[in-house]
Number of protein chains: 2
Amino acid sequence: MARKPADQSVNKEDILLAAADVLQRNGYESTTMKDIAAEVNLTAASLYHHFRNKDALLLAVLEAGIEHILSQIEPIAVSSYPPDHKLRLMIHAHVTGLTNNTAVGAAMVFEIKSLVSVKTAPDDGRDPEVAERRRAFIARRDQFERLFRAVIQEGIERGLFCPVDVPIFVKTLLGAHNWVGVWYRPDGRLNGDEIADRMADTFLRALQPA
Amino acid sequence: MARKPADQSVNKEDILLAAADVLQRNGYESTTMKDIAAEVNLTAASLYHHFRNKDALLLAVLEAGIEHILSQIEPIAVSSYPPDHKLRLMIHAHVTGLTNNTAVGAAMVFEIKSLVSVKTAPDDGRDPEVAERRRAFIARRDQFERLFRAVIQEGIERGLFCPVDVPIFVKTLLGAHNWVGVWYRPDGRLNGDEIADRMADTFLRALQPA
DNA sequence: CTGGTAATCTAATCATGATTAGATTATTTT
DNA sequence: AAAATAATCTAATCATGATTAGATTACCAG
């Protein structure tokens, strides 16, 4: 086989997208470096030029995912809209974020475990750098949850929402959202926006003061 | 090494419990037959006396899980309680079912994918029997969802619940539930019952007629 | 007891898949 | 266009883990 004139040399972005895609289909452990490489017309070995190893690659996918979502949610969270409107916007951003890129969405839901699992992540493990990034990722995820708690809390304090157990309410909300990434199909009855609307209706109704 | 007088020969039940446990910790692909075997003081090879192969074992875990949950939910679903009370009981049963056995719960959430994945399940695959059981499992899971839809539908028709998009509402509800299996910790602030109560409050409030 | 079946074990087999080594080719920079 | 660097490749290496083969031991029915 002659050397492929390399359509155009591949960059990390491309690889991340491809990886998210394969990851969604097969899950971390079932996904081989070869699978990912194939998606971008490379050989497994070539991937090592771009990423230290498989763990680092998965991590990069998740990092890109959470940063993207946070970049959508944070501006809303810090805005000065009233809590109810703010919450609706945040729900909308999160849900459509998941439906627009189901690959990354599903990866975020299913593969975080690989990040925490003792087996995949012997904390003291080899890569100290990867260990650090892992920590940072978890921190970002927690921050994400805190943004939602804050809006709910604010709404309750202002008497716009009925009092609820905030941590549990937020877990409920986020669980519902994450699940969307699991069942959503682009060819389904509703698109991301429509699903988001209905979910926002549900949760805002649940918060209606008595 | 002398032959271990075998405390007592192990049965499938034991293996399923152990497997669910390991599965929860590591996920299907990361879980080795050896890991599971170790939990019950057997060697990997011995497991093959009880289960055809690794896939069949995973499937058995999931089957046991869904049958258990269905056995809790179905009686409530067919009872003649009013829809609101019925829904509360069903939520309670589902959530505590998940918190009481987080191992199976997490497996049900995370590993169903392995069941559907092309890679793990080349539909035409080897075991025709396993293929059939796989189909049956999916059917059971769908039935489970239908039970929830029916209660909501009934409540709406009787004017006890405000009209909602039933399929989406149920996905929302089940997503929230499933997620509990992911974050719940036995040593957390609330126990399964308390969490279930709060979640039921939330969803029933969301269904309150205007 | 005695044969038969069940449950285990130890020791292969066999395949897969991450990672590394050592070129080779492409692209920039100067 | 020579040197340096980046991006790929092919061909090992190496480890892991599912599954099978061939005993061995435990227990039950007659």
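Remember, it's a predicted structure, so these values are computed and weren't measured experimentally. Protein chains get the first letters and strands the later ones, always in sequence-line order, with residue 1 at the start of each.
Atom OH in A/Tyr48 sits about 17 Å away from atom C1' in C/dG22, given to the nearest Å. Distance NZ (A/Lys54) to P (D/dC14): 21 Å, rounded to an integer number of Å. Between A/Lys34 atom NZ and D/dC9 atom P there is a gap of 13 Å when expressed in whole angstrom units. Computed from coordinates, the A/Leu58 CG to C/dA18 C1' distance equals 15 Å when rounded to whole Å. In this structure, the NE2 atom of B/His50 is 12 Å from the P atom of C/dA6, given to the nearest Å. C/dT10 atom P lies 16 Å from atom NE2 of B/His49, rounded to whole Å. A/Asp14 places its CG atom 9 Å from the P atom of D/dT8, with the value rounded to the nearest Å. For A/Asn26 and C/dG17, the CG to C1' distance is 14 Å, given to the nearest whole Å.
Of the side-chain N and O atoms in A/Thr43, none sit less than 4.0 angstrom from OP1 or OP2 of D/dT8. At D/dA7, none of the side-chain N or O atoms of A/Ser46 fall inside 4.0 Å of OP1 or OP2 (strictly under the cut-off).
Nearest to the side-chain atoms of A/Thr32 among the listed nucleotides D/dT8, C/dG17, C/dC9 stands C/dG17. Out of D/dG17, C/dT8, D/dT19, the shortest distance to the side chain of B/Ala44 is found at D/dT19.
Remark: B/Arg185 engages B/Asp187 in a side-chain contact (heavy atoms from CB on, under 4.5 Å) (not counting sequence neighbours).
Map B/Met33 and A/Ile15 each onto its nearest nucleotide of DNA chain D; the residue landing nearer the 5' end is A/Ile15.
Using a 4.0 Å cut-off between charged nitrogen and carboxylate oxygen, B/Arg198 and B/Glu194 do not count as a salt-bridge pair.
Residue pairs meeting the salt bridge (Lys or Arg N to Asp or Glu O under 4.0 Å) criterion with at least one member in residues 36-48 of chain A, sequence neighbours excluded, are A/Arg25-A/Glu39.
Counting only N and O atoms by type, the side chains of A/Gln143 and A/Arg140 include a donor and acceptor under 3.5 Å apart.
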